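Note that the coordinates shown come from a computational prediction; the quantities given were computed from them, not determined experimentally. Positions are given from 1, in the same order as the sequence printed here.
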Amino acid sequence: MEKENIAVGLDIGTTKIVAMIGKKNEYGKLEILGVGKSKSLGVARGVVNNITQTIQSIQQAILEAENNSGYKIKDVVVGIAGQHIRSIQHSDYISRSNPEEVIGGSDIDLLINQVHKLAMLPGEEIIHVLPQEFKIDGQSDVKEPIGMYGGRLESSFHVVVGQASSIRNVGRCIQSSGIELSGLTLEPLASSDAVLSQEEKEAGVALIDIGGGTTDLAIFKDGIIRHTAVIPFGGNVITDDIKEGCSIIEKQAELLKVKFGSAWPGENRDNEIVSIPGLRGREPKEISLKNLSKIINARVVEIIEQVFTEVRAYGHEDPRKKLIAGIVLTGGGAQLKHIKQLVEYITGMDTRIGYPNEHLAGNSDEEISSPLYATAVGLVMNSIENKTQSAVKMQATVTPEKVTYYREPIVEEKVEIKEEVYVQPERALQADPLKEESTENKIRRSFFDKYVDKIKDFLDNAE
């Protein structure tokens with residue numbers, strides 16, 4: 001029997017680390033077998049700055065994914081981001097010894113390897129060499145040179161470069177977590193695989209992935225990657241602005257942003273107020289939702305303008321380079337209310353929110369098809385292409401303790417957030433959260449019942 005091609009992607013983000021295990025089903029769609037998620041400690045703006053904390057976060061996400069899926073992870077494809085990433089355009093050629101032979105894959109590999117030998121700035125390393133158009137004996141705009149005759153094979157390349165030390169630190173964290181590194185992929189490229197259609201890439205599209213620490217950009221035209229950039233601002237700076245502007249703690253600022261935040265300040269009325277519990281018996285703090293959205297708007301406008309500067313640098317104003325499909329927003333930041341309208345207003349380009357459900361199997365969990373998981377889904381797709389056996393089925397001898405270990409932190413975390421950072425709206429928003437809370441309690445109860453049933457079943461079978 002043929003071995004299953006089980007693929008694993010690991011998204012090491014600034015706010016969260018996601019380990020995702022998947023395989024292709026009989027319809028060629030991606031079936032997610034298990035997901036593990038942990039709070040990212042030790043990563044700032046996409047770069048590892050504390051090895052020990054990052055290893056612990058990775059191990060927690062890996063363990064949760066393994067327990068979720070019943071597969072033991074051997075190796076992973078990891079996403080790389082951070083402000084040290086830059087891209088360059090480069091052209092190179094080879095002269096073939098025998099023009100009477102057709103061009104094969106080995107000739108293209110030879111040309112790509114030649115580009116890999118490019119002299120870089122000290123401390124930099126090439127991550128990707130992505131061929132664009134080929135030229136054969138002066139004949140330009142050749143999309144697929146394999147099978148053609150020619151003596152001189154030339155190509156323009158999009159070369160992605162990063163800091164060698166940052167890349168090695170990521171590799172070190174992976175190996176210290178007890179798994180192998182099977183591949184590195186630039187995060188905006190992984191996200192684009194997950195959320196963009198081939199038609200959009202042909203027409204011309206800019207993918208903006210708004211993460212916690214960085215905002216990643218990838219521009220496609222004629223089906224080819226044209227430009228990539230990493231901007232060192234993301235959702236975390238919005239949270240910091242709320243924290244400073246409203247004089248509250250970070251957890252409360254994050255919850256305010258997610259629950260009541262809007263990128264469009266005209267949306268809220270002046271009488272919409274939220275009440276934040278005071279610290280250690282202090283008086284509660286009242287925050288106007290209009291002011292909250294003004295704080296968020298100012299920072300989002302800054303991020304989008306920086307991204308749009310990169311889009312203009314690519315040459316979007318040139319009629320031949322026009323991005324007909326406009327902009328696709330993804331990543332956790334894309335869930336901010338009214339961000340689509342704001343981006344359309346600033347850039348004048350058609351915008352949509354990118355969900356990674358294009359390639360997912362129909363029965364996938366709704367949570368996985370959230371923009372939050374776009375990079376992780378893209379990394380799993382990348383791992384499938386590598387044809388690696390990244391995970392193997394575990395023996396069914398999991399002890400009850402092990403099951404409890406991975407389930408507990410999730411329940412605890414939900415309770416903790418509810419107790420510590422409960423935002424209580426007043427006046428216009430009074431009734432809403434009470435409904436919400438009762439629904440959440442129901443969900444938590446049903447989750448707990450299922451969990452207890454699972455353990456009972458397990459113990460019955462074990463006997």
Side-chain angles (χ1 to χ4, degrees), residues 9-14 43 45-48 76-92 108-109 111-134 155-171 174 181-196 201 204-211 213-232 234 306-307 309-311 313-315 321 328 330-331 374-376 378-379 381-383 385-386:
L10 184 70
D11 174 13
I12 302 177
T14 308
V43 181
R45 294 198 167 157
V47 178
V48 174
V76 293
V77 167
V78 173
I80 191 109
Q83 64 201 77
H84 60 92
I85 302 285
R86 66 185 183 97
S87 59
I88 48 176
Q89 294 297 119
H90 174 73
S91 291
D92 218 323
I108 306 233
D109 289 344
L111 184 53
I112 289 173
N113 287 340
Q114 197 162 295
V115 180
H116 270 287
K117 290 174 189 154
L118 265 179
M120 286 291 116
L121 292 172
E124 281 192 333
E125 209 171 86
I126 292 176
I127 301 169
H128 289 294
V129 173
L130 306 161
Q132 296 180 322
E133 290 98 350
F134 290 91
S155 177
S156 53
F157 291 93
H158 183 77
V159 184
V160 180
V161 179
Q163 219 170 41
S165 58
S166 296
I167 298 164
R168 286 204 191 98
N169 283 340
V170 169
I174 302 293
L181 181 63
S182 64
L184 269 178
T185 301
L186 187 65
E187 290 197 354
L189 290 183
S191 304
S192 64
D193 285 344
V195 303
L196 297 181
K201 289 181 181 178
V205 66
L207 177 87
I208 302 173
D209 184 343
I210 308 170
T214 59
T215 298
D216 307 334
L217 171 72
I219 296 176
F220 291 84
K221 178 78 177 167
D222 302 327
I224 295 164
I225 181 88
R226 298 292 178 185
H227 187 72
T228 49
V230 177
I231 287 130
Q306 283 203 35
V307 175
T309 304
E310 290 283 348
V311 175
Y314 145 78
K321 292 182 166 185
V328 175
T330 192
T375 305
L379 292 170
M381 289 166 64
N382 203 283
S383 181
E385 282 168 30
N386 291 351

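- Under the 3.5 Å distance criterion, the side-chain polar atoms of H158 are left unmatched by any main-chain donor or acceptor of I225.
- To the nearest 0.5 angstrom, E124 atom CD is 11.5 Å from L118 atom CG.
- Separation of atoms OH (Y314) and CG (L217) is listed at 11.0 Å; rounding is to 0.5 Å.
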| task | Begin with the C-alpha distance, continue with both residues' side-chain angles, and end with the deciding distance and a verdict on side chain to side chain contact (heavy atoms under 4.5 Å, CB included) for Q89 and R226. | result | CA-CA 9 Å; Q89 294 297 119; R226 298 292 178 185; over 6 Å; no
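- In this structure, the side chains of M381 and T185 stay at 4.5 Å or more apart for every pair of heavy atoms.
- With a 4.5 Å cut-off on side-chain heavy atoms, K221 and K321 do not count as touching.
- Nearest approach of L111 to S155, heavy atoms of both residues: CD2-CB, 3.8 Å.
- Side-chain atoms of T214 and Q83, non-hydrogen and from C-beta on, never get closer than 4.5 Å to each other.
- One N or O on the side chain of S192 and one on the backbone of P188 form a donor-acceptor pair closer than 3.5 Å.
- Legend: residues meeting side chain to side chain contact (heavy atoms under 4.5 Å, CB included) with V205, ordered by chain and number and at least two apart, are L196, E200, F220, A325, V328.
- Contact between L130 and L189 at its shortest, heavy atoms only, is CD1-CD1, 3.9 Å.
- Under the rule for a salt bridge (Lys or Arg N to Asp or Glu O under 4.0 Å), the partners of E125 that lie at least two apart in sequence or sit in another chain are R168.
- A donor-acceptor pair shorter than 3.5 Å cannot be found between the side chains of S191 and D216.
- Between V311 and A206 the shortest heavy-atom distance is CG2-CB, 4.4 Å.
- The minimum heavy-atom distance linking V77 with S182 is given by the pair CG2-OG, 3.5 Å.
- Between atom CD of residue E187 and atom OG1 of residue T228 there is a gap of 12.5 Å, rounded to the nearest 0.5 Å.
- Listed for the N113 side chain is a donor-acceptor partner under 3.5 Å among the backbone atoms of D109.
- Between the S87 side chain and the V159 main chain, no donor and acceptor come within less than 3.5 Å of each other.
- Between D209 and the options T375, T215, T330, a side-chain hydrogen bond (donor to acceptor under 3.5 Å, both in side chains) holds for only T375.
- The shortest non-hydrogen separation linking Q163 to H84 is N-ND1, 2.9 Å.
- Looking at heavy atoms from C-beta onward, I174 lies in side-chain contact with I12 at the 4.5 angstrom threshold.
- At least one side-chain heavy atom of I85 sits under 4.5 Å from a side-chain heavy atom of I127.
- Exactly one residue among V129, V115, I112 makes a side chain to side chain contact (heavy atoms under 4.5 Å, CB included) with D92. That residue is V115.
- Here the closest non-hydrogen pair linking H128 and L186 is NE2-N, 3.0 Å.
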